[in-house]
Amino acid sequence: MDFHTHGKLAKKLPFSTVYTDWLFREAKDAGLDALCLTEHFNTLQFEDLYRYILSAGERVGDSIVLENGLRVFPGMETDICEGGHILCVGPAEAILELNRCLDPYKEKDKFLPFSKLMDLFEEYPVIVGAGHPFRKGEHMYIPQLPKEQLGRLHFIDLNGKDVALDKERTERLTCQMARNLGIPAVAGSDTHQAVQYGCIRTRFERDMSRIEEIYDAMKKGQYTIDVLPEAAFHVRTAGLLKRSLKEIYALGGDYVSVLVAGESI
């Protein structure tokens with residue numbers, strides 16, 4: 001399972017069903033059984049993306065099972081005014097309603113503070129985590145928040161992108177924060193494009209379809225985290241691919257057709 005993924009190449013690009021279908025095919029081919037789709041809360045066409053996935057798969061518990069067998073758990077990645085990103089995962093209806101509730105707070109100068117965001121999340125059946133809290137820059141404000149506030153989190157994101165760039169530092173700081181708060185650290189790739197799938201994954205002992213089952217297994221430590229030896233190569237290649245595809249789009253080209261040319265879709 002991958003706890004931190006995206007269904008679009010970039011926030012400001014239009015949603016493409018073909019691109020999202022390609023991502024999910026590649027996720028399954030990379031060996032994933034399930035993923036949390038934690039799209040940015042202020043991405044263009046957020047609701048269109050999730051409505052499409054709901055139409056393309058079968059509801060099983062809190063997940064959506066696609067035709068290829070990939071299990072998708074809806075989620076969201078939200079900015080806070082202190083700096084940093086907060087992940088939440090839950091039923092599609094809760095995620096869509098939360099996103100609508102956050103409509104007034106999607107611009108940088110209007111982001112909610114952590115405490116207010118947690119107040120909102122606690123009204124819904126979602127689990128909440130700190131996204132890449134030790135990524136250098138504004139994200140490192142999360143560990144500086146008061147411990148009584150951080151204790152409201154359910155998990156910490158051991159982020160594949162950061163692990164690939166500096167494995168020792170990211171694992172040490174993330175796991176130390178998780179221990180201090182008494183909450184689990186689970187792995188997410190943070191991919192916006194398929195090359196990054198599988199660089200890191202959370203391996204559970206059994207298949208699950210409900211958020212409360214997953215959270216229970218997380219708390220009991222019934223999982224392991226696998227990091228590919230080639231993770232750094234995957235992340236560097238993914239970054240190059242993302243920049244190239246965005247440049248194709250900026251020049252008026254069709255970046256999706258570049259990816260899927262020759263495929264049967």
Does any part of the side chain of [Y], heavy atoms only, come nearer than 4.5 Å to the side chain of [X], both counted from C-beta?
{"X": "Ile156", "Y": "Leu181", "value": "yes"}
{"X": "Tyr52", "Y": "Asp21", "value": "yes"}
{"X": "Asn99", "Y": "Ile95", "value": "no"}
{"X": "Leu13", "Y": "Leu44", "value": "no"}
{"X": "Val128", "Y": "Cys88", "value": "yes"}
{"X": "Thr191", "Y": "His4", "value": "no"}
{"X": "Gln193", "Y": "Tyr19", "value": "yes"}
{"X": "Asp226", "Y": "Thr202", "value": "no"}

Practice item. Apply side chain to side chain contact (heavy atoms under 4.5 Å, CB included) to Val65 and Leu70, showing your working. Key: CA-CA 6 Å; Val65 180; Leu70 183 71; over 6 Å; no
Supply the atom-to-atom distance [X] [atom1] to [Y] [atom2], rounded to the nearest 0.5 angstrom.
{"X": "Asp157", "Y": "Thr38", "atom1": "CG", "atom2": "OG1", "answer": "8.0 Å"}
{"X": "Leu241", "Y": "His234", "atom1": "CG", "atom2": "NE2", "answer": "13.0 Å"}
{"X": "Tyr249", "Y": "Tyr255", "atom1": "OH", "atom2": "OH", "answer": "7.5 Å"}
{"X": "Leu96", "Y": "Leu54", "atom1": "CG", "atom2": "CG", "answer": "6.5 Å"}
{"X": "Leu158", "Y": "Ile200", "atom1": "CG", "atom2": "CD1", "answer": "4.0 Å"}
{"X": "Glu148", "Y": "Ser115", "atom1": "CD", "atom2": "OG", "answer": "10.5 Å"}

Practice item. Please step through side chain to side chain contact (heavy atoms under 4.5 Å, CB included) for the pair Asn159 and Phe134, ending with a clear verdict. Key: CA-CA 9 Å; Asn159 193 268; Phe134 294 99; over 6 Å; no
Indicate if [X] and [Y] have the same hydrophobic cluster label, given that clusters are the connected sets of ILVMFWY residues with side-chain heavy-atom separations under 4.5 angstrom.
{"X": "Phe24", "Y": "Leu9", "result": "yes"}
{"X": "Phe155", "Y": "Ile183", "result": "no"}
{"X": "Leu35", "Y": "Phe41", "result": "yes"}
{"X": "Leu102", "Y": "Leu87", "result": "no"}
{"X": "Leu165", "Y": "Ile225", "result": "no"}

Could you pull out all residues at least two apart from [X] that satisfy side-chain hydrogen bond (donor to acceptor under 3.5 Å, both in side chains)?
{"X": "Glu58", "value": "none"}
{"X": "Asp216", "value": "Lys220"}
{"X": "Arg59", "value": "Glu93"}
{"X": "Asn68", "value": "none"}

Exercise for review: Evaluate the criterion side chain to side chain contact (heavy atoms under 4.5 Å, CB included) for residue pair Glu47 and Arg100; output intermediate values, then yes/no.
Suggested key: CA-CA 9 Å; Glu47 184 164 343; Arg100 288 191 289 271; 3.6 Å; yes
Any donor-acceptor pair under 3.5 Å linking the side chain of [X] with the backbone of [Y]?
{"X": "Ser63", "Y": "Val72", "answer": "no"}
{"X": "Glu39", "Y": "Met76", "answer": "no"}
{"X": "Glu213", "Y": "Met208", "answer": "no"}
{"X": "Lys167", "Y": "Val227", "answer": "no"}
{"X": "Gln196", "Y": "Ser189", "answer": "yes"}

Taking all heavy atoms of [X] and all of [Y], pick out the closest pair and write down the distance.
{"X": "Gly83", "Y": "Ile142", "answer": "O-CG1, 3.7 Å"}
{"X": "Ala130", "Y": "Leu153", "answer": "CB-CD1, 3.8 Å"}
{"X": "Ala232", "Y": "Ala164", "answer": "CB-O, 3.5 Å"}
{"X": "Val126", "Y": "Ala94", "answer": "CG1-CB, 4.3 Å"}
{"X": "Cys199", "Y": "Gly160", "answer": "SG-CA, 4.1 Å"}
{"X": "Tyr124", "Y": "Glu97", "answer": "OH-OE2, 2.9 Å"}

Point to revise | Working for salt bridge (Lys or Arg N to Asp or Glu O under 4.0 Å), residues Asp207 and Arg71 | key: CA-CA 10 Å; Asp207 187 34; Arg71 189 182 295 276; 3.0 Å; yes
**Study point:** Worked check of side chain to side chain contact (heavy atoms under 4.5 Å, CB included) between Arg169 and Asp162
**Key:** CA-CA 9 Å; Arg169 174 184 179 275; Asp162 299 339; over 6 Å; no
Point to revise | Lys246 atom NZ, neighbour heavy-atom count above 12 within 6.0 Å | key: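 Check fails, neighbour count at 12 or below.
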Review point. Which residue pairs satisfy the ring-ring contact (aromatic ring centres under 6.0 Å, His included) criterion with at least one member in residues 176-222, sequence neighbours excluded?
Key: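 As it turns out, the ring-ring contact (aromatic ring centres under 6.0 Å, His included) pairs with a partner in residues 176-222, which skip direct neighbours, are His6-His192, His40-His192, His154-Tyr215, Phe204-Tyr223.
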Practice item. Pick out which of Pro91, Ser209, Pro125 makes a side chain to side chain contact (heavy atoms under 4.5 Å, CB included) with Asp62. Key: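 When side chain to side chain contact (heavy atoms under 4.5 Å, CB included) is applied between Asp62 and each of Pro91, Ser209, Pro125, only Pro91 qualifies.
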Compute whether any side-chain donor of one residue and acceptor of the other, for [X] and [Y], lie under 3.5 angstrom apart.
{"X": "Lys108", "Y": "Asn42", "answer": "no"}
{"X": "His85", "Y": "Asp79", "answer": "yes"}
{"X": "Lys8", "Y": "Thr43", "answer": "yes"}

Check your understanding: Can Glu168 and Arg172 be said to form a salt bridge (Lys or Arg N to Asp or Glu O under 4.0 Å), step by step?
Key -> CA-CA 6 Å; Glu168 188 279 331; Arg172 173 173 49 83; 2.8 Å; yes
Review point. Would you call Arg152-Glu122 a salt bridge at under 4.0 Å N-O?
Key: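 Yes, charged N to carboxylate O under 4.0 Å.
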Exercise for review: Would you please name every residue forming a ring-ring contact (aromatic ring centres under 6.0 Å, His included) with Phe46, sequence neighbours left out?
Suggested key: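 Scan of Phe46 (ring-ring contact (aromatic ring centres under 6.0 Å, His included), adjacent residues dropped) gives Tyr50.
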